[in-house]
Amino acid sequence: MDTVTLALTALATARVTRLITTDRITQAPRNAVLRRLDPKGLLAYLLVCDWCSSVYVGAAGAGAWWAWGDTRVFTAIVAALAFSYTAGFLASRESGE
């Protein structure tokens, strides 16, 4: 994996992890799954723990890279996710102008 693709995939992992664990846009499906699980169980915790989920998201990203990492489609997808994460991260650090 070249350095650029590695960096993009790492940022894409952060973005997808946030989608799973935190973002409001995925709150309804996340809550629907959580209602069906034991609230004190490990699977429920996995859906709200950034560190836990990121291991599995990162493994999926590495697997996707292994299978399709040399394609423009893979690069475009991880770039879009990486750009989204970077923009959101930077916007959250801006002062309330």
Side-chain angles (χ1 to χ4, degrees):
M1 181 182 295
D2 66 273
T3 305
V4 172
T5 307
L6 176 66
L8 291 174
T9 305
L11 289 168
T13 296
R15 181 66 189 111
V16 172
T17 298
R18 184 169 174 84
L19 279 168
I20 292 169
T21 63
T22 308
D23 279 357
R24 185 173 177 199
I25 196 166
T26 55
Q27 184 176 14
R30 182 175 49 253
N31 287 342
V33 172
L34 287 171
R35 279 192 295 275
R36 293 191 167 120
L37 298 174
D38 174 9
K40 295 181 182 178
L42 292 176
L43 286 176
Y45 185 68
L46 177 67
L47 286 177
V48 297
C49 172
D50 292 329
W51 288 98
C52 304
S53 292
S54 68
V55 172
Y56 299 100
V57 173
W65 166 78
W66 184 261
W68 304 291
D70 59 346
T71 66
R72 293 175 78 187
V73 171
F74 178 81
T75 303
I77 291 169
V78 296
L81 290 166
F83 298 158
S84 171
Y85 185 76
T86 303
F89 178 82
L90 293 173
S92 71
R93 267 80 185 144
E94 289 180 355
S95 62
E97 295 179 58

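Worth saying up front: this structure is predicted, and the values here are computed from it rather than measured.
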According to a hydrophobic-cluster definition based on side-chain heavy atoms being under 4.5 Å apart (Ile, Leu, Val, Met, Phe, Trp, Tyr only), do [X] and [Y] belong together?
X: L81; Y: F89; value: no
X: V78; Y: F83; value: yes
X: V48; Y: L19; value: no
X: W51; Y: V55; value: no

To the closest 0.5 Å, what do you measure between [atom1] ([X]) and [atom2] ([Y])?
X: L8; Y: R15; atom1: CG; atom2: CZ; answer: 15.0 Å
X: L90; Y: S92; atom1: CG; atom2: OG; answer: 7.5 Å
X: F74; Y: T9; atom1: CZ; atom2: OG1; answer: 4.0 Å
X: C49; Y: I20; atom1: SG; atom2: CD1; answer: 11.5 Å
X: I77; Y: R72; atom1: CD1; atom2: CZ; answer: 13.0 Å
X: T13; Y: W65; atom1: OG1; atom2: CH2; answer: 13.0 Å

Determine the minimum heavy-atom distance between [X] and [Y], stating which atoms define it.
X: P39; Y: A44; answer: O-CB, 4.0 Å
X: T17; Y: D50; answer: CG2-O, 3.4 Å
X: A82; Y: L11; answer: CB-CB, 3.5 Å

By side chain to side chain contact (heavy atoms under 4.5 Å, CB included), N31 pairs with (sequence neighbours left out) Q27, L34, R35
Tell me whether S84 contacts the main-chain N or O of A80 through its side chain, where contact means a donor paired with an acceptor under 3.5 Å. no
Do the side chains of Y56 and L46 get nearer than 4.5 Å, heavy atoms only? yes
State whether the number of non-hydrogen atoms from other residues, nucleotides or ligands found under 6.0 Å of L42 atom CG is greater than 12. no
side-chain contact (heavy atoms from CB on, under 4.5 Å), paired with S53, selected from L47, T22, V16, T21: T21
Quick one: list whatever passes side chain to side chain donor-acceptor pair (under 3.5 Å) with D70, sequence neighbours left out. none
Under a 3.5 Å cutoff, is there a donor and acceptor pairing between the side chains of D23 and T26? no
